There are 2 protein chains.
Amino acid sequence: MSILETIASPADLRQHSMAELTTLAAEIRTALLTKLSATGGHVGPNLGDVELTIAWHYVFDSPHDKIIWDVSHQSYTHKLLTGRKQAFLDPKHYHDVTGFTEPRESPHDFFTIGHTSTSIGLASGLALARDAAGTHDHITAVIGDGALSGGLAYEALNNAAVLNHQLLIVVNDNQWSIAENHGGLYQNLKLLRDTFGQAANNGFKALGLDYTYEANGNDVAAMIAAFQAAKACDHPLVLHVNTQKGRGFAPALANEEAFHWHAPFHLSDGSALHPATGENYPDIILAALERQLQTGKPIYTINAAIPGGFHLKDWQAAHPDRYIDVGIAEQMSITLAAGMVKGGLRPVVFEAATFLQRAYDQLSHDLGINALPVVVLVRGGQITGGDPTHQADLDAGMLSNIPNLTYLAPTGKEELIAMLDWALAQPHGPIAIRIPAGPVTSAPLAADWSATHQHVIHHGQQVALMAVGSLLPLAQQVAAGLLAHHIDATLIDPRSLNTLDTAGLEQLRSAHHLVVTFEENSLDGGFGQKVAAYFGPSNMAVLTLGAKREFNHELTRQALLQADQLTPETATQAILAALSQL
Amino acid sequence: MSILETIASPADLRQHSMAELTTLAAEIRTALLTKLSATGGHVGPNLGDVELTIAWHYVFDSPHDKIIWDVSHQSYTHKLLTGRKQAFLDPKHYHDVTGFTEPRESPHDFFTIGHTSTSIGLASGLALARDAAGTHDHITAVIGDGALSGGLAYEALNNAAVLNHQLLIVVNDNQWSIAENHGGLYQNLKLLRDTFGQAANNGFKALGLDYTYEANGNDVAAMIAAFQAAKACDHPLVLHVNTQKGRGFAPALANEEAFHWHAPFHLSDGSALHPATGENYPDIILAALERQLQTGKPIYTINAAIPGGFHLKDWQAAHPDRYIDVGIAEQMSITLAAGMVKGGLRPVVFEAATFLQRAYDQLSHDLGINALPVVVLVRGGQITGGDPTHQADLDAGMLSNIPNLTYLAPTGKEELIAMLDWALAQPHGPIAIRIPAGPVTSAPLAADWSATHQHVIHHGQQVALMAVGSLLPLAQQVAAGLLAHHIDATLIDPRSLNTLDTAGLEQLRSAHHLVVTFEENSLDGGFGQKVAAYFGPSNMAVLTLGAKREFNHELTRQALLQADQLTPETATQAILAALSQL
């Protein structure tokens with residue numbers, strides 16, 4: 001019988017010896033690797049904190065005592081120990097749990113979390129509430145060294161010292177962000193590791209926090225002792241723990257960044273089960289930037305700790321002096337770019353829309369008001385299903401309503417390149433470009449090419465279909481379906497999500513009485529509502545198709561498309577129904 | 001002849017002795033106080049950095065050398081020395097300059113800035129661009145100790161160390177934020193002051209930065225020497241300077257917070273020229289919270305360094321244990337509240353919409369996804385004119401499109417109180433409440449009171465006027481004007497800016513063919529566009545009245561209302577014109 005089989009809840013850990021808990025750690029690693037090699041997931045972070053998690057649950061009494069995992073992508077062992085091990089052991093149940101903490105799953109989880117740097121603030125609030133209630137549960141936040149580069153983590157550390165409640169802040173230092181760390185604070189973390197926490201210059205103490213160090217974060221007994229000592233502390237305490245990302249799997253140790261998150265892989269050598277093939281938008285973008293660079297344009301690529309998704313490591317290898325990773329610091333990525341463009345450079349910032357949310361003020365105040373021509377390439381505009389923390393359909397509502405900012409939505413390869421070239425040539429203001437979702441599509445640029453004017457692909461009558469970005473193929477299918485109903489619909493690529501081509505819209509009036517907008521994002525604050533308001537005080541009807549303003553929990557993309565009337569059949573039916581009412 | 005009369009540009013400073021420059025500082029203080037007592041403005045910060053500014057312009061060569069002022073509310077002496085002194089000496093020209101740096105005014109200003117914590121990031125970008133160009137101008141960022149609590153400042157400090165360009169970071173430490181400072185870092189700043197910069201534990205050095213200290217920040221000669229020494233440094237250097245906020249004006253020294261920004265005042269004793277009188281919304285809000293607290297509800301007020309505008313100092317005095325100021329750290333204000341509400345408390349966060357932009361991700365990821373019933377009171381929803389950095393009409397586009405978040409817009413006192421009580425009783429999700437703009441209005445609550453259902457104030461026909469929040473009086477005037485055209489318009493208070501009462505909207509169909517929405521915010525992403533999309537696929541016309549998506553530079557409120565068709569005459573004309581087209 002394995003040790004793991006004896007663990008139904010955290011309390012069962014206390015029935016075992018240190019040797020058995022060490023065996024348990026090995027069993028858990030095997031379980032994690034077996035599952036993750038099949039499903040994909042956050043490999044490195046979870047292999048790194050197995051012992052830390054076992055030790056915490058050994059010493060503390062969850063859920064009375066509470067642990068808040070930063071980002072919570074490293075919470076697999078926590079899930080495994082808190083009644084959810086079937087989801088890691090039985091392939092039929094692999095998808096019973098999400099990849100992040102989820103209160104819907106377990107009373108041991110307190111928040112749905114997927115963005116970085118929030119744990120200390122959340123835990124501070126719980127600690128304040130506990131002391132208001134007069135109870136004595138212990139609150140712990142676990143934050144990685146990478147997440148420490150985010151401004152919110154610092155704001156929370158700075159406040160924790162003066163709020164002065166019992167709060168254990170575990171800094172899980174595996175010497176990696178998603179990619180390598182960037183920033184002066186990492187010199188200090190290294191100094192602290194090198195001096196076993198004894199260095200006089202200590203960034204945590206400088207913020208008024210008590211501090212202790214544990215060098216052996218992958219030793220269960222050492223971590224149990226560290227937590228037992230920390231448990232006696234009645235005020236904020238930073239427990240700085242040295243751990244190894246990817247521990248126990250050689251390919252993950254050899255390539256920490258690739259195995260931060262990895263798609264399904266071969267256990268033998270870590271190679272991908274389904275290697276990506278064919279043309280892809282990141283490479284198309286980098287090739288376009290390379291051409292610009294060769295013409296002498298001072299292109300710089302900037303990202304905030306997520307180079308992988310944009311293939312920026314290739315760019316970094318070719319142009320190390322034209323590559324900047326600011327760490328998990330989206331605010332800084334935009335403000336730095338504002339300064340750079342003012343100084344005559346042409347920075348291009350690569351962001352996932354969901355993380356770019358953290359730079360909203362910088363997009364508005366630094367770029368918008370100052371009308372600075374920074375180019376931001378946005379991964380978003382997709383109905384993804386899965387985790388609400390990484391929902392990619394809220395980009396339009398966030399970006400489209402900032403004055404002076406133009407949000408472009410290319411439908412495919414040629415438009416993407418042309419828009420990028422145009423954005424880097426114009427001096428007028430910030431341009432965000434939504435990288436198309438789905439496989440690469442290709443179509444010759446229209447003769448009347450212009451980044452901010454709509455493109456009429458087909459002139460019809462009665463109904464005009466305006467399809468943003470990667471929904472153009474859907475609108476083409478809908479147009480074909482409408483033909484069967486003797487409707488020859490006009491088909492339009494609006495090109496911009498937030499700039500109405502009013503001359504183009506006016507031309508629709510004579511031959512159409514219904515405009516239908518298609519957008520793969522939440523409708524609220526998006527393109528269709530702008531079109532609806534434009535035609536509002538007239539007899540032109542407008543039907544807006546897109547996503548609802550909702551956070552979705554673990555639904556499939558297909559179910560959402562169906563519910564949002566974004567399949568050929570549902571969209572066609574919605575249009576026919578609207579026509580019948582007019 | 002005064003020294004000031006001899007200064008046409010910064011170079012003229014170098015014609016004077018140290019004694020004369022000290023005299024100049026006194027002359028500038030007199031000029032500042034004379035102007036600010038008449039116009040109002042940022043008194044304390046500008047009285048504090050007169051010598052620092054003279055010394056910087058003496059040592060460096062602006063605009064070849066570049067200085068970036070954080071927030072830039074302390075840049076009055078800089079403006080005075082860079083060709084704009086008439087705006088401080090001649091009452092006829094007092095309004096020729098803004099209260100912030102403004103590239104439209106002068107080549108000595110590089111960015112329009114009004115939010116905190118951006119200077120180091122902007123200056124880092126300029127420094128990077130300078131080194132890419134191979135020129136040798138010096139770049140300086142000046143940041144106050146208060147602004148250091150913002151996460152962006154930390155992200156930028158952390159990156160500055162590794163970017164490693166020449167960059168002088170002046171920490172202007174006057175020991176105050178807008179109000180008193182909050183956070184552990186201020187213990188470190190005090191330690192550094194107390195040890196004349198010699199303490200081993202140094203938060204700046206912990207981030208990998210070089211550091212030096214100047215105790216006499218209000219001594220021109222000392223500051224000149226400090227800048228001359230700093231000028232020789234070829235890498236990032238923090239020059240920590242001790243200055244006195246409000247120096248030279250006893251009332252400002254006696255009440256640093258009140259004189260951070262002050263309306264026109266008597267030079268004799270600092271008392272207000274036009275004291276505020278009568279009922280006001282901050283007091284109404286605090287009285288409502290007091291009642292909730294007395295019934296046993298665990299109310300906590302939270303703000304991010306701006307207690308004054310909400311009268312929160314009164315609350316703090318009465319309930320010090322129920323008051324939290326997180327410093328300039330809007331992200332933390334929301335994330336902390338998320339933790340507190342999860343722990344059973346009822347936090348109420350007070351924010352200016354323009355600064356709340358910095359917490360967009362926390363509103364969405366921490367509050368929205370987790371559906372946590374934090375209440376946020378928002379100062380916004382006003383067409384303000386003045387500075388684009390403090391524009392108050394972008395709140396709806398920011399807040400309304402976040403899933404699970406309800407944005408309420410009370411029209412006056414009774415609705416505000418009822419909404420606040422309702423928000424604090426419900427468990428379902430975050431509620432933002434827009435504090436009404438303008439003077440307090442009062443009307444009995446409707447018998448059918450409900451926070452999220454619209455209220456039909458008058459049942460008419462043909463045209464329905466839906467007026468959000470403080471635009472209800474305008475709609476009432478418009479309704480009166482329409483009567484003269486034999487139109488008996490329906491009048492509706494929608495109550496929520498982002499939740500459509502679809503049953504109520506449906507009831508309009510039978511007797512109306514035009515809905516007119518009024519909102520005092522940018523139309524894009526706002527209420528009217530949602531209504532327009534709702535009625536889009538039908539024959540109901542919708543006219544949306546509100547502000548354009550624009551940053552406005554120093555226009556008047558009245559000019560903007562006129563341009564936006566938000567005066568009784570312009571709105572009525574717009575409605576009649578729309579009707580004539582249907």
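In what follows, chains are A, B, ... by sequence order, proteins preceding strands, each numbered from 1. Predicted, not measured: the structure shown is a model, and the values here were computed from it.
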Please say whether more than 12 non-hydrogen atoms of neighbouring residues, nucleotides or ligands are located less than 6.0 Å from NZ in K548(A).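 Count over threshold, so yes.
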Checking heavy atoms, do the side chain of [X], its backbone, both or neither come under 4.5 Å from chain A?
{"X": "N164(B)", "result": "neither"}
{"X": "Y534(B)", "result": "neither"}
{"X": "D131(B)", "result": "neither"}
{"X": "L372(B)", "result": "side chain"}
{"X": "L191(B)", "result": "neither"}

Just give me the residue among [options] that pairs up with chain A most often, heavy atom to heavy atom, under 4.5 Å.
{"options": "P537(B), A578(B), A371(B)", "answer": "P537(B)"}
{"options": "A199(B), G368(B), G397(B), S149(B)", "answer": "S149(B)"}
{"options": "L543(B), N188(B), N401(B)", "answer": "N401(B)"}
{"options": "V341(B), V531(B), V326(B)", "answer": "V326(B)"}
{"options": "K205(B), Q581(B), M398(B), Q529(B)", "answer": "Q529(B)"}
{"options": "A574(B), A160(B), G151(B)", "answer": "G151(B)"}

[X] portion near chain B, given a 4.5 angstrom heavy-atom threshold:
{"X": "H553(A)", "answer": "side chain"}
{"X": "T517(A)", "answer": "neither"}
{"X": "N498(A)", "answer": "both"}
{"X": "D387(A)", "answer": "neither"}
{"X": "T544(A)", "answer": "side chain"}
{"X": "L209(A)", "answer": "neither"}
{"X": "S538(A)", "answer": "backbone"}
{"X": "E550(A)", "answer": "backbone"}
{"X": "F535(A)", "answer": "neither"}
{"X": "L405(A)", "answer": "backbone"}
{"X": "L157(A)", "answer": "neither"}
{"X": "L163(A)", "answer": "side chain"}

Measuring only between side-chain heavy atoms, which start at C-beta, is [X] closer than 4.5 Å to [Y]?
{"X": "L582(A)", "Y": "N539(B)", "answer": "yes"}
{"X": "K530(A)", "Y": "D524(B)", "answer": "yes"}
{"X": "H365(B)", "Y": "T389(A)", "answer": "yes"}
{"X": "D361(B)", "Y": "L152(A)", "answer": "no"}
{"X": "L394(A)", "Y": "P403(B)", "answer": "yes"}

Out of [options], which one racks up the most heavy-atom pairs below 4.5 Å with chain B?
{"options": "P347(A), S124(A), A396(A)", "result": "S124(A)"}
{"options": "G150(A), S117(A), G203(A)", "result": "G150(A)"}
{"options": "S400(A), A329(A), S333(A)", "result": "A329(A)"}
{"options": "L514(A), I402(A), V162(A), T335(A)", "result": "T335(A)"}
{"options": "Y360(A), F355(A), Y186(A), F111(A)", "result": "Y360(A)"}
{"options": "G184(A), S522(A), A532(A)", "result": "G184(A)"}

Would you confirm whether [X], through its side chain, and [Y], through its main-chain N or O, come within 3.5 Å as a donor-acceptor pair?
{"X": "E155(B)", "Y": "M332(A)", "value": "yes"}
{"X": "N201(B)", "Y": "N202(A)", "value": "yes"}
{"X": "N370(B)", "Y": "T112(A)", "value": "yes"}
{"X": "K342(B)", "Y": "F110(A)", "value": "yes"}
{"X": "N158(A)", "Y": "L185(B)", "value": "yes"}

CG/N552(B) to CD1/I369(A) distance, rounded to the nearest 0.5 angstrom? 10.5 Å
If you round to the nearest 0.5 Å, how far is OH of Y154(A) from OH of Y154(B)?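 The OH atom of Y154(A) is 8.5 Å from OH of Y154(B), to the nearest 0.5 Å.
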N159(B): side-chain hydrogen bond (donor to acceptor under 3.5 Å, both in side chains) partners, not counting sequence neighbours: none
Specify the closest pair of heavy atoms between [X] and [Y], including all atoms of both residues, with the distance to one decimal.
{"X": "L345(A)", "Y": "A129(B)", "result": "CD1-CA, 3.5 Å"}
{"X": "G208(B)", "Y": "Q187(A)", "result": "CA-OE1, 3.7 Å"}
{"X": "A338(B)", "Y": "L122(A)", "result": "CB-CD2, 3.6 Å"}
{"X": "G343(B)", "Y": "L126(A)", "result": "N-CD2, 3.9 Å"}
{"X": "R549(A)", "Y": "T499(B)", "result": "NH2-OG1, 4.4 Å"}

Residues at least two apart in sequence or cross-chain that pass salt bridge (charged side-chain N to carboxylate O under 4.0 Å, His left out) with E330(A), listed by chain then number, are R358(A)
